[in-house]
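Bear in mind that the values here come from a model prediction, so they are computed numbers and not experimental data. The figures that follow rest on heavy atoms only: side chains count, while hydrogens, waters and symmetry mates do not.
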Amino acid sequence: MISAKWRRRGRDAGLIVLGLTLLALAFAPSFQRADVVPQGREEVLFWHFWGGEDRQVVEQVVQRFNASQSRYVVRPVAMPGNNLDLKLFLAVTGGDPPDLINLDDPIVADWAHRGALMSLDELASAEELAELDRWLTPAARRLTHYDGRYYGMCNGLDVRALYYDVTALESLGLEPPRTIEQLDELAVRGFQADERGRPIRFGYLPDPRRLWNWGIVFGGDFYDESSHTLTLTDPKVAEALAWMTSYRDRFGARAIAAYRQGDQSLPGKSFPLLSGRYVAVMDGQWRVRDIAAFQAEQRRQGQKATEFGVLPLPRPPQGFDEAGAVNGNVFLVPRGARQSHGAWEFMKYWTGFGGHEQQAARTCVEGGWIPVSRQVSDTRLFQEYLSEQPLFAVFVELSQSDRQRPVPVIPGAPYLKREVEQLAADAMYQPYDESAMQLLELAQPRIQRQLEQARQ
């Protein structure tokens, strides 16, 4: 006799299947291919997440590719939002996936483990794969490499560094911080409060989402791939978390939580550093565009443009230079794609692989994107761009460092990322009595169990 518990589980599973079916029907029109394809060409259906100005850049790349050869025609479909992976799942299970998709979430291993992705050795020759190993930067290789194979191709890197207000630093009599000790001094001397003691400016404040970065800078590692074991309790990771929580102890958990909440109310395109809330902030290369726009507006109003600088993340005495967490955008070819080889040709064209470096340099300049190969960043066109954008050049140099590591490319990576970030947020914003190591020791077995289930 079936128990009530299992009847409920069966009912819930049926509801999930029904819900996914209804979603598939709802999304079905967006999956359909064009009715008219130029004679003699094969259509490559390409889903991506870009919107706004970036979408225009994507469409320009597609136009150039379509004009560069006569065998394929790429049709881009913009799907901005948080459900692109769900839409892909529905399309794959429905038997009508796109030929190519671009994502910026750490889902490569999850999808590859479930057999939903084609590996590059199904698309590329052995000679191409050997050259790809040499051609990509270490970070770009790691982002799509799982279980000994490439399950996609990185087409743009995201790196984080420390931005700072040059004028504010000079007023404090400080040099740009190169060490954790100097960063701590900046945090203390740059702090300002109103007459009621409420913070109105922080010199620096660690972001809980960036434990990934600081753990690597401090010399730690989060995962042992050889044994499939989570290593949250690495002493260096604990040291990084303890350093972050020292700001909680110094300024108060409630005060910094409320201040961070205030960041969320800033206008969508505002960079917190520019609003005067911080002297220094860790952020990515896309903020260079925000800074340029801010400075242009200052000049338009007849003001002297504020000067900003950027440098690699400061490190402790035993830490690593040019280190941190890297992520990026990746091309994936779903299992069942009809034009997988056309997708491969477009991937090569976009990234610059196979002799397309000049085209890739143009794409990176237009989009403000970091190349995935030194051969692209070394082109004359891209070097001219870097000479005009010295802040961006810092990020490009960092992207080529072997110390830039992604979230582990393993099944369950999105879950792992969320849990580590939530753990750091709780440690920063809650007045815990436990030490950083104790918090990590409590979390590790629970997260490890989930990762084992994802792998099995």
N329 (side chain) donor-acceptor with G156 (main chain) under 3.5 angstrom: no
Verdict with supporting geometry, V333 and D99, side chain to side chain contact (heavy atoms under 4.5 Å, CB included): CA-CA 6 Å; V333 179; D99 301 300; over 6 Å; no
Full working for side-chain hydrogen bond (donor to acceptor under 3.5 Å, both in side chains) between D224 and S227: CA-CA 6 Å; D224 182 351; S227 62; 3.2 Å; yes
Donor-acceptor contacts under 3.5 Å from residues 109-116 side chains, at least two apart:
residue, atom, partner, partner atom, Å
D110, OD1, G412, N, 2.7
H113, ND1, Y146, OH, 2.9
H113, NE2, R455, O, 2.5

L311 side, atom CG; E322 side, atom CD - distance, nearest 0.5 Å: 11.0 Å
Pairing of D402 and R141 as salt bridge, 4.0 angstrom limit: no
D263 with R277: basic N within carboxylate O range, under 4.0 Å: yes
Test side-chain hydrogen bond (donor to acceptor under 3.5 Å, both in side chains) applied to S377 and Q400, step by step: CA-CA 10 Å; S377 59; Q400 297 169 359; 2.9 Å; yes
Inter-residue atom distance F320.CZ - R315.CZ, 0.5 Å rounding: 9.5 Å
Y259 ring center near Y278 ring center (under 6.0 Å): yes
Intermediate values then yes/no, side-chain hydrogen bond (donor to acceptor under 3.5 Å, both in side chains), R160 and N327: CA-CA 10 Å; R160 287 166 180 82; N327 63 305; 3.2 Å; yes
Value rounded to 0.5 Å, distance of CG in L143 from SG in C154: 5.0 Å
Pair R449 + E452: basic N to acidic O under 4.0 Å: no
Side chain to side chain contact (heavy atoms under 4.5 Å, CB included) evaluation trace for V61 with V74: CA-CA 10 Å; V61 179; V74 171; over 6 Å; no
Shortest non-hydrogen contact between A242 and A436, atoms and distance: N-CB, 3.6 Å
Residue list, side chain to side chain contact (heavy atoms under 4.5 Å, CB included) with A361, at least two apart or on another chain: V376, T379, L381, F382
Proximity of W50 and W369 rings by center, below 6.0 Å: yes
Spacing of CD belonging to Q375 relative to CG belonging to L136, to within rounding of 0.5 Å: 10.0 Å
Ion pair check, R338 and D96, cut-off under 4.0 Å: yes
Closest non-hydrogen atom pair, M428 against P206: CE-O, 3.5 Å
Separation between CG of D105 and CZ of F49, rounded to the nearest 0.5 Å: 8.5 Å
Residue pair R209, D207: steps toward the salt bridge (Lys or Arg N to Asp or Glu O under 4.0 Å) verdict: CA-CA 5 Å; R209 296 172 298 171; D207 185 335; 2.6 Å; yes
Heavy-atom closest contact (P106 atom, A413 atom, distance): O-CB, 3.4 Å
N/O donor-acceptor pair under 3.5 Å between S125 side chain and E128 backbone: yes
Carboxylate-amine/guanidinium proximity below 4.0 Å for R149 and D147: no
Side chain to side chain contact (heavy atoms under 4.5 Å, CB included) partners of Q298, counting only residues at least two apart: F294, Q295, Q303, A305, T306
Pair listing, salt bridge (Lys or Arg N to Asp or Glu O under 4.0 Å) test, anchored in residues 408-422, at least two apart: K417-E421, E419-R446
Proximity of F308 and Y164 rings by center, below 6.0 Å: no
Sequence neighbours excluded, every pair satisfying salt bridge (Lys or Arg N to Asp or Glu O under 4.0 Å) that has a member inside residues 59-69: R55-E59, R64-E366
Main-chain N/O of W135 paired with S373 side-chain donor or acceptor, under 3.5 Å: yes
N/O donor-acceptor pair under 3.5 Å between N102 side chain and V330 backbone: yes
Partner of W344 by side-chain contact (heavy atoms from CB on, under 4.5 Å), out of L100, L120, V44: L120
Aromatic plane relationship, F46 with H48 - under 30° parallel, 30 to 60° tilted, over 60° perpendicular: tilted
Derivation of the side-chain hydrogen bond (donor to acceptor under 3.5 Å, both in side chains) call for T363 and Q359: CA-CA 6 Å; T363 297; Q359 137 61 29; 2.7 Å; yes
Side-chain donor or acceptor of Q69 paired with backbone N/O of R71 under 3.5 Å: yes
Step-by-step ring-ring contact (aromatic ring centres under 6.0 Å, His included) determination, F392 to Y385: CA-CA 9 Å; F392 198 89; Y385 170 72; 5.5 Å; yes
Whether R75 side chain and L45 backbone form a donor-acceptor pair below 3.5 Å: no
Check: F65 ring centroid to W350 ring centroid under 6.0 Å: no
Chi angles and distances behind the side chain to side chain contact (heavy atoms under 4.5 Å, CB included) call for E43, Q339: CA-CA 7 Å; E43 185 188 55; Q339 291 300 336; 5.9 Å; no
Derivation and outcome, side chain to side chain contact (heavy atoms under 4.5 Å, CB included), residues N155 and F331: CA-CA 7 Å; N155 66 301; F331 282 126; 3.4 Å; yes
Pairs where residues 394-422 contributes a residue and the test ring-ring contact (aromatic ring centres under 6.0 Å, His included) is met, not counting sequence neighbours: Y163-F395
Closest non-hydrogen atom pair, L313 against A323: CD1-O, 4.0 Å
